[in-house]
Every structure is written in structure tokens, then in C-alpha cells.
Amino acid sequence: MKVRFWLLDVNYEVKEHTPEILLWGIDDSGNRVLVVDRNFLAYFYAVIEDKADPTKVVEEIEAERTQYAFITKLEVVERKFFGKPVKTVKVYCRDPNFVSKYAKDFRKFEGVKDCLEDDLRYSMRYLIDNNVVPCGWHEIEVTEKASTSGVHVDKVYTAKSLPKFIEKVEVPQLRILGFSMICYSKEGSPKPDRNSIVIISVATNQGEEKQFLAQDQNDKPVLEAFLKYIQSFDPDLIIGYDVNRQDWPYLNERFKKLRLKLSVNRAETEPHRSVYGHFSTTGRANIDLFDFADEFPEVKVRTLENLADYLGVMKIEDRILIEEVDFANYWEDKEKREILKKFSMDNTRCIIGITDAILDFAMQLSNLVSLPLDHVGTAAVGFRVEWFLIKHAQKIGELVPKRVEKPYRPYAGAIVLSPEPGLHENIAVMDFKSMYPNIMMAYNLSPDTYVSSNEPIPPCGVYEAPEVKHKFRKEPPGFYKEVLSYLIKVRDEIRSKMKNFAPESVEYHVSDARQKAVKVITNASYGYAGWIGARWYKKPVAEAATAWGRHTILTTIKIAEEAGLRVVYSDTDSLFIRHDSEKIEKLSRKIEEKLGLEIKPDKIYVRIFFTEAKKRYAGLLPDGRLDIVGLEVVRGDWATVAKKVQEKVLEIILKEQSPKKAAKFVQQFIYDLWQRRVPYRDLIIWKTLTKPVEDYAIRASHVEAAKMLKEKGWRLAVGDKVGYVVVVGSGRLYERVKPYVFASYSEIDIEYYVSKQVVPVAVRVLESFGITEEQLLKSRMKERETRRLTDFFGS
DNA sequence: GCATGAAAAATACCC
DNA sequence: ACGGGTATTTTTCATGCG
């Protein structure tokens, strides 16, 4: 019989040295199914030395066959390695767990240059080789198993054929469960061996909400009820926020401590940490929304509530937020417990809401790069790109290079021009779309087309990069070129198809998520090429890409200026020029003709303001919005007071062109600040812990604040943001900071916020108009004086 | 011993 | 654990002065 299924999760088991692939999915009638495939053999390649005879190597292996009991087959096959044909012996191995061990041995065999592809996981090997794609549909010939014992699915099948991919975009009706939990701890962050889980809030995509509550601090009933709920709802996706770092390890430990089995998987296993640090709940996809938070760089402090607020899921103003260290107090107080319960439920509601905004993209990304849905999020961008490349390599018979450690060698990047400071009217921004990918295609930059300086020039000729003089053969199209052309073609196709869909339709949403995923991978390709951790790293490729980039933009600037277009600013692939449609059109055509790359007008600013600095400016768009780039307004490490002031100053400057009014505003603001009329939370400064607290070479404010938090039992990890305020006192700045949760408004050092936050960012803009720090502070002095007098005499 | 300025460390941005 | 280029603040260190 035939089964059609949508692939949700994949794993493998080895029983008696024989592997089976477990494909967990949903069939087209909505059954949860497991297809067990025992038909696929693991293998690796022994690459043969140029002058050696592969049959000799085969004989060599055969001679020692008894030591390599799991080898089932040896095949002499031709493959390519960095574009060059190589002879290999494909070594099939019954037990996948022996692949890397055998490969290690065979590297020492005579005539064997190296062994490759022994470092690919068996389950990934299966997907890649058979074009089986996560979040995609497949058809397969199977026999049904009578029993489903040991697994929690509707049907279990044994594969009779390999799955065949079916082009079908729709996603089956998934059961999605979101959860969040509250742990009780009187001192500091909760520890699973001591502190119970007092609330677990769950919600589903079918609109059901439930809360499991401990009796006092006995959480056994909570955990049991939670398990029972999961088992009965039987979700396909289990979703949470920061669950890979927090909830799952905690649940694991807590269940162990209480001698309970964390039975949430569809197999009889328990959740465990796996590749790229994700937690696997076999048969279901566990998704951590935190892993997708960096898709939204506007959200500076990536907390659940901030992300939900940004995505319009739940506004922060409508919430009462509770710090982890206060959970115990809230739990113990009868009235406050209700607030805590609401807080927890709202967290889960946020999770469900954010899922809505992210899931399509996550599924498309998973589908595109072939990484299962539960680990596509935890895989770093480089690995996402790499899996996409591996998939393509398999298709064209290109061997996958080993990951080898390489030394870091910096190389020159892009050109940034100093802007003409001050205000400019009617400025158009022209830029090259996807400049690096297009350059890589145009000049066939690829690890396999690189011609090193000691190699002869091939008959087809070479492209030679300016400045760095790296050479790349013109023919045939390189690995990167093939991949990038495909990606760009696919994205264009999707985008033109989208025009026929209603923007509210499912097809539109799915297509949009798809084209975004394609775009992300395309744009990451240059970065990948220059990443020393990349399997396909070749420094000259990245170096040539930036060299051509510099040449491209410099040529463009020259041509623009020759055409009478003054360039007021340029960064990497863009130029800012006076808006003149005719000349711009002409320029576009000329560049395309001369360089074969497309440059188009993008934004038009009614007015734009530059400081003296590069990468920092603010423009007024025709619709009245401000576009602020690089300035403190868009930075996450300045107090909100400073950001608000600077934004307002920019608005006044750009819209009303009145520096005087802007200065007045700043003076008034400073006065209000002295009066403590601004919200306390606007004084918090957030900074990221980029390494363990002990590793810092210098004493920094946020690190000192982090130490204080840790002392009180807070759990802080690398990558966490620490929020602190500056309080009155003496000595260095780092001696005058406190975590914002530990300080009160009365001890705030207003002087610091005025002189080191508000004034500098205002001056940054206003100094262009002749306004000085002193002028901004002058009236403050007056106000302070009057304030002191009124305080003294009364008003 | 201390003021001063350069260098180093740290962070977060732009494209 | 994708690249290099850049601005900015604060700490740290070296230096010169007296």
C-alpha cells in the first residue's frame, strides 16, 4: 500500500548493528504516522590518490575484511572534489555508528588520500540522499504493522520503497501546544533539585487554555497533570520560549528528582539534548521561539514580552510583569497569586501568538535547507547555509569537504565614504541588490573555480579580481554560482506567483515565508564563504568578492559624478545622491551595461541629516516617518531617556528645521529629568554579557551589576542582557551602578543621565547647528538654581 | 602622586 | 560558530611633571 505523509521529525536507532530510520509524520487523512525504513545503508568515501588504483584499495580493504565486519559493499565510483574528478571507493557500512571509526582507519591505507563524508549523521544522510525533506510531503510504498506498541501514533508502517518527494505546499492541520512554567524559589533562581514547578500554563492552537497548579509547593500533581495533558492532546509541535536553555533541562532534572518519567515523546524515550543544542522530543517537534528572536533585530532585549509586544501579540502596557525572583512572594500571597497565574497564562498566550508569526518561516527554512524543524532554529546561520550546500553537493556528485580548523586571517572588506555632514534635501539612495551574491555569480567566485597563482591559466580564461588579483576560471559555472543562481531564480518565481494570490490567503503567507527563507540563505552565502568554520571556506573567494565590490561601487561613484550627480554618502553597495529621476535612470543603465550588475533607486529622503561619522544618519521619508540609522536611537545600549530625546531632536530638525526649538526641548527635558518626572524604566541601561563574568579583563558596569545579581542567586548566562541604573556615589562608573531591580528612584544619579546620556546624544545632532553642550546645560543650571531656591523657601 | 592622553576593551551597530 | 568596517564610551596603562 501507499502512504502520503508530511515529515515532522526524523531520527534513527541501531538495533543489533542494524539501523532503522524513523520518519514521524502526518498522513493526508490526518493520522499521525511512523514509517520505519530499514532499506538505507550508511556509507562514506575513501578518496583514492591520483596515481593509485582504486581496485587495489578495494583489495586492501577486502584483505582485512574480518576486522571490518559491518562493511557490506565496496564500490569504485567517480566523484568530484572541489570541482575536480576523483576516484573513490564508496564504503557501505551496516552499522552507521562504525562509519567514522572505519574511515579513520582507512585514511592510513595505502593509496587512500583521505576519507570523506563519514562525518554526516546517518539520519541527515538519509534525508539528503533520498530527497526527503522536513516539512514536505512524500509518498511511500509500505506495509502496515499490526501493532503500534511502544510508539504514540495512529499507524506504524514499514517502508517497502524509498519515499518520493511530492510537490505540495499545504501544511496539514497541526496540533500545537504552547507552554510556560513558573518555579518557586525563595532565594534566587530556582534549582530543579530543590525548587518545585508551581504553575504550568498551556494553550493550544485550538483555543484551549489550561493551568496546572501545585498545592503549596508539592508539584508532583502539576507534573503528572501536565504529562497527562500532553499525552491526551498529543501535540505535533511543543513550543516555548528559551526552553532549550531553561524549561527542558529543568523539567528533565525535576522529573528525575521526583522519580517520574518525562513521557512526552511519541517514542518511549525522554527529551534529550541533541545537535546544535536543541531538545528533541522524538516524534514531535520541540520549537524554541527564542531561536527565532534574532530575526527581529529591532527587539533589543529579547524577552518573551518584548517580542510579543513588537509583533503585536500582546502589548507590554497591558501586562503586569513579574521578575523571577519575586515568584515565591507572589505565590505565597493569596491575592498576588492570582496575578502570578495571569502572568504565567499570558506568557503562554504570547508563545501561541508569536508562533503564529514565526512558524511559516521556520517550516520553510527547515524545508529549504533540510534540517528538521526542531533543529533548524538552533542551527547557526552558517550551518543552515551549509546544509543547503550539502544537499546541492549530493545532487551533483560533489564530495562534502571535512570541517577542518583553519587560522583566522582577516581580509579587506567594503568601502564606506565619509558623509557630507549637515542637512541635505531630496536625496535618493541607490543600491545594488544582493551585491555579493551577484558578484559571486558574475565572476564565478567559488572554491572549485579558484585558480591559484602557481596553476596555469585554463583555456576558458579567468576573471581576475582587482587589487587582490585572485583568479577564477570562467567556465564551467562554479558550485556557488550554481547554488546562487538557483536560489535567485526560485525567489523570483515565488515572488511572481505571489502576485496571483490574495494577500490574506494561505498560499500567499506560505509563499512569502518561502521567499524570505530563500532570501536569508542567499544573503548569508557571502558571509558563509568567508567563515573559517565553513566546509567550503576559501579565503580568496571572500576576498575577491569584497574586492569586486569595492571596484563596483567606486566605478559607480565615478560614473555618477561624471554625470553630474554628487555623491553625499556611500556604504558598501549604496550611494546617496540628489534625486534626479532622469540622471538616475541613465546611471542605472550605464552601470548595468558596464558592470553587468543591477543598481536601482531604493529610498528617497525628503531631507536627510548626517553627522561627521559614517554609518549614522537620519532621514525624513515622504510619508513623514523618520528613518534613523546607526544613531543612539536605534541602539540597545543607551538609556531610553537618551534615545527619546535624540529621536525628538531629530524629528524637530528634520521636520521643522528649527535647532532652536530642538534645544529648547532638550532643556525642558533635562529639567523634567531633574524633577524625576520621567519613568524609572527609561533610566535602565541594557548591555549583553558576551562572556562569563570572570573572564572580563576590565571592570565594566554591566558586569558589576551582573555580579550583584548572581550574588542574590540570579542565573545569568552568556548572551543575557543585564539591565542596570547609575546611582549616586563616588569613584568609577562601575562602582556606582546597580541592577535596576535592586535600586530605587531616589538613589538615581540624575547628573549622570544628564551629562553622559541625554546631553551627548542631543549634542551629537545639534552641534551641526552650532549648539553646544553648555547651551543645553545653561538653562538647566538656572532651573537647578531656582529649584534649590524654591526647595529652600517654598514656592 | 597625579593629571593627561593614548591604547585597549567592550558593545552594538551598518551593509 | 556567517563577513569586514565603524562609532562610541569607559577602563587601563604609560608618560611626564614636579
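Hydrogens, waters and symmetry mates are skipped; everything else that's a heavy atom, side chains included, is used. We name chains A, B, ... by the order of the sequence lines, and we start the count at 1 in each one.
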Considering only C:dG4, C:dA1, B:dC14, which nucleotide approaches the side chain of A:D571 most closely?
-> B:dC14
Just how far, in rounded Å, is C1' of C:dG4 from CG of A:D573?
-> 13 Å
Full working for side-chain hydrogen bond (donor to acceptor under 3.5 Å, both in side chains) between A:T772 and A:Q775 = CA-CA 5 Å; A:T772 62; A:Q775 282 169 284; 3.1 Å; yes
Enumerate all atom pairs, one protein N or O and one N or O from nucleotides 6-10 of chain C, separated by less than 3.5 Å.
unit_1: C:dT6; atom_1: OP1; unit_2: A:K614; atom_2: NZ; d: 2.9
unit_1: C:dA7; atom_1: OP1; unit_2: A:K614; atom_2: N; d: 3.4
unit_1: C:dT8; atom_1: OP1; unit_2: A:R616; atom_2: NH1; d: 3.1
unit_1: C:dT8; atom_1: O3'; unit_2: A:R764; atom_2: NH2; d: 3.4
unit_1: C:dT9; atom_1: OP1; unit_2: A:R764; atom_2: NH2; d: 3.1
unit_1: C:dT10; atom_1: OP1; unit_2: A:Y752; atom_2: OH; d: 3.3

Length of the CG-C1' vector between A:D431 and B:dC14, whole Å | 13 Å
Below 4.0 angstrom from OP1 or OP2 of B:dT11, is there any side-chain N or O of A:H702?
-> yes
Phosphate OP1/OP2 of B:dT11 contacted by A:Y696 side-chain N/O (<4.0 Å) = yes
Give a yes/no answer on whether the side chain of A:T690 brings an N or O atom under 4.0 Å of OP1 or OP2 in B:dT11.
-> yes
Nearest-Å distance, CD (A:E735) to C1' (C:dT11)?
-> 11 Å
Counting any heavy atom closer than 4.0 Å, what does A:K539 reach on the DNA or RNA strands: base, sugar-phosphate only, or nothing?
-> nothing
Tell me what A:V629 touches on the nucleic acid: a base, only sugar-phosphate, or nothing, going by heavy atoms under 4.0 Å.
-> sugar-phosphate
Nearest-angstrom distance from the residue atom CG of A:D637 to P of B:dC13 = 6 Å
May I ask you to say what A:A412 touches in the nucleic acid, namely base, sugar-phosphate or nothing, with a heavy-atom cut-off under 4.0 Å?
-> sugar-phosphate
Grab the two heavy atoms, one from A:Q246 and one from A:P249, that are nearest each other, plus how far apart they are.
-> O-CD, 3.2 Å
A:E405 atom CD is separated from C:dA1 atom P, nearest whole Å, by 15 Å
Does a side-chain heavy-atom distance below 4.5 Å link A:V727 with A:D749?
-> no
Closer than 4.0 Å, any side-chain N/O of A:T572 to the OP1 or OP2 of C:dG4?
-> no
Once you round it to whole Å, what is the distance between P of B:dT11 and CD of A:E704?
-> 13 Å
Out of A:V641, A:V761, A:L766, A:V666, which one pairs with A:Q646 under the side-chain contact (heavy atoms from CB on, under 4.5 Å) rule?
-> A:V761
Dump the intermediate steps for side-chain contact (heavy atoms from CB on, under 4.5 Å) on A:L116 and A:V400, then the final yes or no.
-> CA-CA 7 Å; A:L116 290 173; A:V400 178; over 6 Å; no
Scan A:Y276 against the nucleic acid and name what it touches under 4.0 Å (heavy atoms): base, sugar-phosphate only, or nothing.
-> nothing
Should the ring pair A:F576 and A:F610 be called parallel, tilted or perpendicular, given that the plane angle runs from 0 to 90° and is split at 30 and 60?
-> perpendicular
Just call it for A:Y617: base, sugar-phosphate, or nothing, with non-hydrogen atoms closer than 4.0 Å on any strand.
-> sugar-phosphate
At under 4.0 Å between heavy atoms, what does A:G530 touch on the DNA or RNA strands: base, sugar-phosphate, or nothing?
-> sugar-phosphate
Side-chain N or O of A:K721 closer than 4.0 Å to phosphate OP1/OP2 of B:dT11 = no
For A:K691, which contact category applies under a 4.0 Å heavy-atom criterion: base, sugar-phosphate, or nothing?
-> sugar-phosphate
When all nucleic acid strands are considered with a 4.0 Å heavy-atom cut-off, which category describes A:G533: base, sugar-phosphate, or nothing?
-> nothing
Is it the case that more than 12 heavy atoms not belonging to A:K648 sit under 6.0 Å from its NZ atom?
-> no
Which whole-number value in Å describes the distance from A:I439 CD1 to C:dG3 P?
-> 18 Å
Any salt bridge between A:R699 and A:E735, counting N to O under 4.0 Å?
-> no
To the nearest Å, give me how far apart CG (A:D294) and P (B:dC13) are.
-> 13 Å
